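Computed from a predicted model, the values in this text were never measured in an experiment. Scope of the values below: all heavy atoms of this structure, side chains included, with no hydrogens, waters or symmetry mates.
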Amino acid sequence: MDAITENLDLFLSGYWTSLKICLIALVGALVLGTIIAGFRVSPVAPLRWVGATWVNMIRNAPLTVVLFFFAFGLPEIGILGSYWIFGISALIVYTSAFVCEAIRAGINSVSAGQAEAARAIGLPFTATLREVVLPQAFRTSIPPLGSVLIAMFKNSAVLGAFGVGGDLFSVSETLTSARGYAATPVLVGVAVGYLMITLPAAGLLALLERKTAIIR
């Protein structure tokens, strides 16, 4: 395991970079997925069409295709940026489709009487969704959202292949290709790094699920 001990600083740097990618993508996917879920249940037909098209197109496309589109397709139409921005944006967009469906399922689980009561006192659709429906829907959505977000943390490893430097994936390429270390111990170190992200996240989500179950 000399590859790990001799390059511990590099692994730690890669871990923090991967963690930063995961946290940015987590916030972005939750926000964007919630907005698209609102479109999916909107009384405005064009918004429902936009939401359904977004989910059906992105959820049924491989992550690598979405990454290729952002990294190589957007520059072709004049949208320029770094691979860091394109990679994280692609991960957010891809994950948002799955977040949307998890939240939409939660919205559908809320009693219709809740929304009807909100409309009866004069709340518009957006206020009803924000103040009444979504707080209850998020509690129900925690288990499927947890699975989606854990999958997103693991999918973040793919970004290293698209030039998002400094993450754990890039560390493995640097050590095996540039410095000649054996692949097995390096990959063990990378796997441990991702476990240090996903296991605490899974534990936190399980705790949150238990807390909200007591509230319900």
Quick one: salt bridge (Lys or Arg N to Asp or Glu O under 4.0 Å) pairs with a partner in [range], sequence neighbours left out?
range: residues 102-112; result: Glu101-Arg104
range: residues 181-207; result: none
range: residues 181-202; result: none

Give the cluster check for Val50 versus Val31: same hydrophobic cluster or not, with ILVMFWY residues linked at side-chain heavy-atom distances below 4.5 Å.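 As far as the 4.5 Å side-chain criterion goes, Val31 and Val50 are connected within one cluster.
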
side-chain hydrogen bond (donor to acceptor under 3.5 Å, both in side chains) against Ser96, all qualifying residues, sequence neighbours excluded: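 Listed in chain order: Trp54.
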
[X]: what forms a side-chain contact (heavy atoms from CB on, under 4.5 Å) with it, not counting sequence neighbours?
X: Pro144; value: Ala102
X: Met57; value: Thr53
X: Pro46; value: Val44
X: Leu207; value: Arg210, Lys211

Applying ring-ring contact (aromatic ring centres under 6.0 Å, His included), can you list everything that pairs with Phe72, at least two apart in sequence or on another chain?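 Listed in chain order: Phe68.
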
Listing request: all ring-ring contact (aromatic ring centres under 6.0 Å, His included) pairs with a residue in residues 93-120, at least two apart in sequence or in separate chains.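 Sorted pair list: Tyr94-Phe98.
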
Could you identify which residues cluster with Leu199, counting Ile, Leu, Val, Met, Phe, Trp and Tyr as linked when any side-chain heavy atoms lie under 4.5 Å apart, either directly or through a chain of such contacts?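 Reading the cluster by chain and number, Leu199 sits alongside Leu195.
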
